[in-house]
Number of protein chains: 4
Amino acid sequence: MAPASGRVLKAGVLGATGAVGQRFIVLLAQNPTFSIHALGASERSAGKPYAAAAKWKMSEPIPEAARSMAVTVCDPAHFGGCDVVFSGLDASVAGDIERAFFSADFAVFSNAKNFRMEPNVPLCVPVVNTDHYALVAGQRAAMGLTRGFIVTNANCSTSGLVVPLKALQDRFGPLRRIVVTTMQAISGAGYPGVPSLDIIDNVVPLISGEEPKMEAEVLKILGGLSADASACAPLADLRVSATCNRVPVIDGHTECVSVEFAAATPPSIAEIKQCLREYTCEAQRLGCHSAPAHAICVAEEEDRPQPRLDRGAGNGMSVTVGRIRECPVFHVKFTLLVHNTVLGAAGSSILNAEYAAKKGYL
Amino acid sequence: MAPASGRVLKAGVLGATGAVGQRFIVLLAQNPTFSIHALGASERSAGKPYAAAAKWKMSEPIPEAARSMAVTVCDPAHFGGCDVVFSGLDASVAGDIERAFFSADFAVFSNAKNFRMEPNVPLCVPVVNTDHYALVAGQRAAMGLTRGFIVTNANCSTSGLVVPLKALQDRFGPLRRIVVTTMQAISGAGYPGVPSLDIIDNVVPLISGEEPKMEAEVLKILGGLSADASACAPLADLRVSATCNRVPVIDGHTECVSVEFAAATPPSIAEIKQCLREYTCEAQRLGCHSAPAHAICVAEEEDRPQPRLDRGAGNGMSVTVGRIRECPVFHVKFTLLVHNTVLGAAGSSILNAEYAAKKGYL
Amino acid sequence: MAPASGRVLKAGVLGATGAVGQRFIVLLAQNPTFSIHALGASERSAGKPYAAAAKWKMSEPIPEAARSMAVTVCDPAHFGGCDVVFSGLDASVAGDIERAFFSADFAVFSNAKNFRMEPNVPLCVPVVNTDHYALVAGQRAAMGLTRGFIVTNANCSTSGLVVPLKALQDRFGPLRRIVVTTMQAISGAGYPGVPSLDIIDNVVPLISGEEPKMEAEVLKILGGLSADASACAPLADLRVSATCNRVPVIDGHTECVSVEFAAATPPSIAEIKQCLREYTCEAQRLGCHSAPAHAICVAEEEDRPQPRLDRGAGNGMSVTVGRIRECPVFHVKFTLLVHNTVLGAAGSSILNAEYAAKKGYL
Amino acid sequence: MAPASGRVLKAGVLGATGAVGQRFIVLLAQNPTFSIHALGASERSAGKPYAAAAKWKMSEPIPEAARSMAVTVCDPAHFGGCDVVFSGLDASVAGDIERAFFSADFAVFSNAKNFRMEPNVPLCVPVVNTDHYALVAGQRAAMGLTRGFIVTNANCSTSGLVVPLKALQDRFGPLRRIVVTTMQAISGAGYPGVPSLDIIDNVVPLISGEEPKMEAEVLKILGGLSADASACAPLADLRVSATCNRVPVIDGHTECVSVEFAAATPPSIAEIKQCLREYTCEAQRLGCHSAPAHAICVAEEEDRPQPRLDRGAGNGMSVTVGRIRECPVFHVKFTLLVHNTVLGAAGSSILNAEYAAKKGYL
């Protein structure tokens, strides 16, 4: 399926050789909306063919479309002709480089954290809050841009959590308190990432910086916009407590969630299940290529979701929710699974761009 | 260190060939208070030398003291001369067999769940609530026993959780709400237990029956006794929500805990750390052999406790607590680690028996 | 691609609920040559819809084509209309059941070991020795069958090993000695299969019965037929020593192989690489749907093949060979990887059946 | 047990903060022959207390004897008073530093590879070839040293392999050909070492530089000395082919070995088993503290040795050998297990030093 215009869009990838960058390459190579047009990485990789520059760690082979393409440094001068630029850059360099690209009037879709909390930057999980694209106009105005803008996607754990929360909030009104404990896959730490001595026969009970990120991002994503759509208006009355752990799993973050509703009379478990099953989003209704058939899959078996079995649901773009039951302390608890490098990273960026194409932002 | 009497006590082990039974054998062989005197297992094992009957799965070699001892069926007739009987039996058979033993006037220390919730049976984590031994007199009276009784230890996850909770409750008064998420080791499921296809590169988000067990046992262990010491008086005002997961770890359960105090003014994080560091129990003060130097080890590193590195603390009898910090939803959250087959199973039974010896119950 | 006749063939699956059976279902549901027509399992599953009978352990979801199909017992009476019957049965029952099916004039493609070493039964790795189909005529004559016959595929480890060996033998003449050490995936043991306590942080140096199987099957597969094509003529002059280990890998057997040629002047490493790269088989030339583009993928990177990265090569139907180098003891050594449940099991059966269809055996 | 002299020897450790260094610290803290006297590491660690400088990854806690000792740079000036210096240095720096120490008249016991193949340096697995200490006199003479010398221990995989080979060679005469395939633990790569993305659900079929090291070291260790004991005389007629793999195991290298004897009539399997069971070494006979009761443990169970269950044999100083059976290609094949950081690294160095003390070299 091509974009609204019928034209295949030319895509550049920043940080193309890293772990997130490799996932971008795999997904874009299968995506009819985009063609890979430019690959940016560090000085060290510049000039090499992609296959030589990337230490490939995906279980899929390197796509032919990228294999012999020459890698460049991440300078807008090398990305001429790109309709869209995806960033899988590390946070340590993403700030300056991404700014250079959107300032040069590129449409930037970033997985990095650097601009996520800026009030006029959409922090957009594409199956949740595409309404935050309304910020783009103000962003362009503020920076004097014609075509350029930046849209970020959320942290991998946040990306999974907000999907069922959004469904519940839309149907049953505001949430009051959330306690969430994650068991996160090693691919979330990139490569070389987690040393094997730290994680075989082990759990690491800390992921540096992850908990405050989750606690803040949820409020922005589930929140609204200011009246003039110039800034986000994060939720003020929701309290979130996150505990993040690393476990010996390749891909797929598992999250155990307890939820308290603000309403005096909370919904029943049956109503909650129905709500989650029925949830749909705008990206699905618009027919975006990467939008999953079901944004939420409700697991029927009592011992699911499991990362190895469920991370592929909806090609990694669905969130699987199971073990939906009463919580003795709050109202409901459940366990969810999100593919951390698809919906939790590159997949969100790509669906964000597909949405932007459908809505005429590109 | 020998028991108060100076005499080495003769110990029988029920379910000696199973996973918990093997841990009993390893621990008893190193324990100066007890000598292994009788080994009971199923009909299938009866008559065989222990080394042939047990499919040995411990990383320690089979102790010489047990290697060639003949296994019998679990009939009191074969356990004459035993001062104490430890039960690592599976719940499917533990009820009848344990009843036969205490009815035959044996002192039974059981790891099985069958009698745990009986009002006049101590559910005793030996570093937490040895005061519940006061139930023994009533138990004997009710059943017309002279020397016999049964003391149970708690579920493996419960055993870890109650240690810091007891410390906090003793110092800062009643707790109101607890949300706990566990990441439990595979050894907790025995052998063959968890199929490898279910757990490599995976998490299983359900341990059947575990959550209600934890939620109920905590209330009994942290509760008191009736005025006449004839029955337990579980806490009525504490609400506990437990979510239990299986992760690819050999030994050591990790638990992420959020705690709300009942007090209007909760303690500071510094006060909580100090309280946990200073906690001691009666079994330590009595000098019981298996009592750890520190019932609670407070981890100094921010990424601890970790099962592979901390499960051996106090020879598996200490609980390690780390990541003690404010909880945005409740008052404090932390992560704890308990060795599930030592303090969480056989080790608790053995320390319970050491305590009983010191206090003259044997 | 449909079969030669253009007709989609109706397929029955025996042992459909087991580990190999589940792989059959996944592969058949994606295969244009076959439609799933009947599902056989044990008495316990009979009458249930497939989704309820199978404890599903594939990372792909249960195919819709099978989900609600009723499971029957493995009796030919329930398989009327099937053009082909695939057997994923356990060896403990495969003998009688498979005999019942081919005696009832069904074309049976079996993954079980029971008939593999019968002189008039093809033991066929479909990218290696489809010439052994010449045995089918004699088989039918011997048993008075019109359409029925049985073709078996090889043990999972054998299936990988024979592919490069066949290439080398065809090009450079007879082999004299082979020493092979395997590191085999847990999925090869089915479900529940290997207990997790046996394999996490561990290697099991024995797979019961596997080594003699490998050592014998290689000789039959690489051998020829008697002059009248009534029986196999296994190689008499090749000696094979196999050592088989289980390692904590989900899918994909790795095998380290040292080879001695019979020729006085062995080929160079460069010639061997070229030989492996150029190898093709009849199933490819006939355009069978499941035949891989490359029967052998020669890995370019020095640290490949690796199970997690290479098991998907050719949709699991290619063997990846790497580390091709001189052997200080024999002539050449290399490491190969085979997907043990695809080319090593269900995939071979299916390609065998595709071949049979192309050649008019069905 | 104290050294012959009755005096506790003061030990320095070079590379004390690394993976091998940490194992040295754990072992020395339990060793009555030595006391930890000086700790050397890189400039970055110098001046810090050991507990702050080392990123501790052992499952045993940091020994009190080392915890607050100040780390220095690896300069002989800081190691005054040391009777012996152990080196766990990385090969990239070991050459210069070790030379500085033995040139300054220190007795150096090194785990690094840099001097292993020097003709006048003992490459000594202490349960195998302590007779190579005869080289020390010549070494001192050549360099004009009084007390100083260097003794190296072997690569971890070599250390395990040579133990049964030595037993067989001593009893049955020369060996002709060896094919060995290893499955090596991740701890062999140090910390951070192997990235978890490379090894969970995976095998890495290459350990850079390991195979040539094994193939060469075996010849030196099993060889003799020149007539004047001035140089080693490696075996000239033995051919060794090694294939080295990394597997997801924490500690313990498993090796599958096929052996051909030079003798026309090879020993029987029973004779081989008896030979391995009866093997003893000089370090045992001298009563060295770290010498295991059994240099070789012959496993009785058919599915042993296994790393998780057997790596602790003899406190990590025994080699466990199992699956001893006829080889269809050579004479005998078997599987062995060696604890790669104990006998395979720090433990060998320490036993080498104990031996040196007993024999008056210190």
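In what follows, every heavy atom counts, from backbone to side chain, and hydrogens, waters and symmetry copies are set aside. These numbers were taken from a predicted model, which means no experiment stands behind them. Sequence lines set the chain letters: A, B, ... in the order given, protein chains first and strands last, and positions in each chain run from 1.
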Where does B:I207 contact chain A at under 4.5 Å (heavy atoms): side chain, backbone, both or neither?
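No part of it gets close to chain A.
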Chain A heavy atoms under 4.5 Å from B:T254: which part of the residue, side chain, backbone, both or neither?
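Side chain only.
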Which residue out of B:V247, B:V240, B:L337 racks up the most heavy-atom pairs below 4.5 Å with chain A?
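Looking at each option in turn, the highest pair count goes to B:V240.
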For [X], which atoms come within 4.5 Å of any heavy atom of chain B: side chain, backbone, both, or neither?
| X | answer |
| --- | --- |
| A:T335 | side chain |
| A:N245 | side chain |
| A:R311 | side chain |

Mind checking which of residues 326-334 of chain A sit less than 4.5 Å from chain B, heavy atom to heavy atom?
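So far as heavy atoms go, A:C327, A:P328, A:V329, A:F330, A:K333 are the residues that approach chain B to under 4.5 Å.
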Is there any residue in residues 160-174 of chain A with a non-hydrogen atom under 4.5 Å from a non-hydrogen atom of chain B, and which ones are they?
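The stretch does not come within 4.5 Å of chain B.
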Any side-chain heavy-atom pair of A:P205 and B:C256 under 4.5 Å
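Contact flag for A:P205/B:C256 side chains = no.
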Using non-hydrogen atoms and a limit below 4.5 Å, what part of residues 188-204 of chain B faces chain A?
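Only B:L197, B:D198, B:I200, B:D201, B:N202, B:V203, B:V204 of residues 188-204 of chain B have a heavy atom under 4.5 Å from chain A.
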Does anything in residues 297-308 of chain B reach chain A? List residues with heavy atoms under 4.5 Å apart, or say none.
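Against chain A, the residues of residues 297-308 of chain B that fall inside the cut-off (heavy atoms, under 4.5 Å) are B:E302, B:D303, B:R304, B:P305, B:Q306, B:P307, B:R308.
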Any donor and acceptor pair, going by atom type alone, linking the side chain of B:R323 with main-chain N or O of A:L206 inside 3.5 Å?
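No, B:R323 side chain to A:L206 backbone: no donor-acceptor pair under 3.5 Å.
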Top of A:E260, A:R239, A:E215 for chain B proximity - count of heavy-atom pairs under 4.5 angstrom
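Greatest number of close heavy-atom pairs with chain B: A:R239.
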